[in-house]
Amino acid sequence: SQQGEEDPQALSIQEGENATMNCSYKTSINNLQWYRQNSGRGLVHLILIRSNEREKHSGRLRVTLDTSKKSSSLLITASRAADTASYFCATDPTGANNLFFGTGTRLTVIP
Amino acid sequence: EAGVAQSPRYKIIEKRQSVAFWCNPISGHATLYWYQQILGQGPKLLIQFQNNGVVDDSQLPKDRFSAERLKGVDSTLKIQPAKLEDSAVYLCASSHHITGRFSGELFFGEGSRLTVL
């Protein structure tokens with residue numbers, strides 16, 4: 001399967017703490033993307049990292065990519081209650097923008 | 001900028017009935033996707049269009065699912081006849097991406113939640 005797999009499946013932290021989610025995948029990729037989904041809503045794009053990049057930042061988000069280990073991590077710093085959501089990684093194996101989503105990490109940030 | 005519009009938001013039908021979902025992508029987006037998201041799982045791609053042509057429909061159960069994108073804009077996804085296991089949220093997404101040009105983010109609609117009884 002080309003689908004990614006997130007770890008942990010669920011994460012509960014206190015507001016202000018950092019949250020780290022990991023994604024492992026099986027095939028080579030053109031790029032990897034992270035999305036957030038609030039309960040009952042559509043997905044929202046967070047960040048895209050290309051296969052030749054190792055780290056990328058966007059506000060409180062930091063994404064790393066290790067293509068040799070076929071893994072990526074998403075770090076959310078100084079978490080807020082509003083960060084409570086499910087987070088999915090999605091891989092694009094060929095650059096055709098055909099995204100394969102993982103199973104997601106459910107993050108709960110306790111105020 | 002208006003987002004991806006989907007309707008209906010909710011639909012309840014009996015098994016063996018038919019249902020159709022409609023999607024209007026962001027204006028100017030060449031690529032349109034339909035994803036199926038079963039409760040507790042990640043979205044699974046059903047079909048990808050570029051303009052009004054199909055790029056990938058390898059995971060579309062063609063015996064019961066069909067999709068079209070007339071004139072390269074709006075799209076409809078139909079299920080006939082529905083089975084219990086089709087209960088899911090059907091997500092439409094669009095992208096500025098054009099094959100061979102560049103990859104980019106997908107913009108998702110709010111989804112259409114289908115319950116098959």
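Atom set for the values below is all heavy atoms of this structure, side chains included, hydrogens, waters and symmetry mates excluded. First the proteins, then the strands, lettered A, B, ... as listed; each starts at 1.
Between the CD atom in B:Gln37 and the OG atom in A:Ser86 there is a gap of 8.0 Å [rounded to 0.5 Å]. Here the CG-CD distance, from A:Asn31 to B:Glu105, works out to 11.5 Å after rounding to the nearest 0.5 Å. The CZ atom of A:Arg41 lies 14.5 Å from the CZ atom of B:Phe108; values are rounded to the nearest 0.5 Å. Interatomic distance, A:Leu99 CG to B:Leu45 CG, rounded to the nearest 0.5 Å: 8.5 Å.
Within 6.0 Å of NZ on B:Lys71 lie no more than 12 heavy atoms contributed by other residues, nucleotides or ligands. Heavy atoms from other residues, nucleotides or ligands lying under 6.0 Å from CD of A:Glu17 number more than 12. Within 6.0 Å of the CZ atom in B:Arg64, the count of heavy atoms belonging to other residues, nucleotides or ligands exceeds 12. The environment of NZ in A:Lys56 is crowded: more than 12 heavy-atom neighbours from other residues, nucleotides or ligands sit within 6.0 Å. By the neighbour-count criterion of 12 heavy atoms within 6.0 Å, atom CZ of B:Arg16 is sparsely surrounded, having that number or fewer from other residues, nucleotides or ligands.
No path of Ile, Leu, Val, Met, Phe, Trp and Tyr side chains, each step under 4.5 Å between heavy atoms, connects A:Leu43 with B:Leu39, placing them in separate hydrophobic clusters. Residues B:Leu46 and B:Tyr35 do not share a hydrophobic cluster, clusters being chains of Ile/Leu/Val/Met/Phe/Trp/Tyr side chains in contact below 4.5 Å. With hydrophobic clusters built from ILVMFWY side chains whose heavy atoms lie under 4.5 angstrom apart, A:Val109 shares a cluster with A:Leu11. Hydrophobic clustering, with ILVMFWY side chains joined whenever heavy atoms are under 4.5 angstrom apart, keeps A:Phe101 apart from B:Trp34. Residues B:Ile13 and B:Phe21 share a single hydrophobic cluster, defined by chaining ILVMFWY side chains whose heavy atoms lie under 4.5 Å apart.
The list of disulfide bond (SG atoms under 2.5 Å apart) pairs with a residue in residues 5-101 of chain A, not counting sequence neighbours, reads A:Cys23-A:Cys89.
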Item to check | Criterion side chain to side chain donor-acceptor pair (under 3.5 Å) on A:Asn98 and B:Tyr33, from CA distance to verdict | outcome: CA-CA 9 Å; A:Asn98 184 338; B:Tyr33 311 77; over 6 Å; no
Item to check | Verdict with supporting geometry, A:Asn97 and B:Leu106, side-chain contact (heavy atoms from CB on, under 4.5 Å) | outcome: CA-CA 9 Å; A:Asn97 233 40; B:Leu106 271 59; 3.4 Å; yes
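Proximity to chain B among residues 58-66 of chain A is not found for any residue, judged by heavy-atom separations below 4.5 angstrom.
The shortest side-chain heavy-atom distance between A:Tyr35 and B:Pro43 does not fall under the 4.5 Å cut-off.
Between chain B and the residues A:Gly42, A:Ala90, A:Gly104, the most heavy-atom pairs under 4.5 angstrom are made by A:Gly42. For the options A:His45, A:Arg106, A:Glu6, heavy-atom pairs under 4.5 Å to chain B are most numerous at A:His45.
The part of A:Gln37 that comes within reach of chain B is its side chain, from C-beta onward, which places non-hydrogen atoms under 4.5 angstrom from that chain. When heavy atoms are compared at a cutoff of 4.5 Å, B:Gln41 approaches chain A solely by way of its backbone atoms N, CA, C and O.
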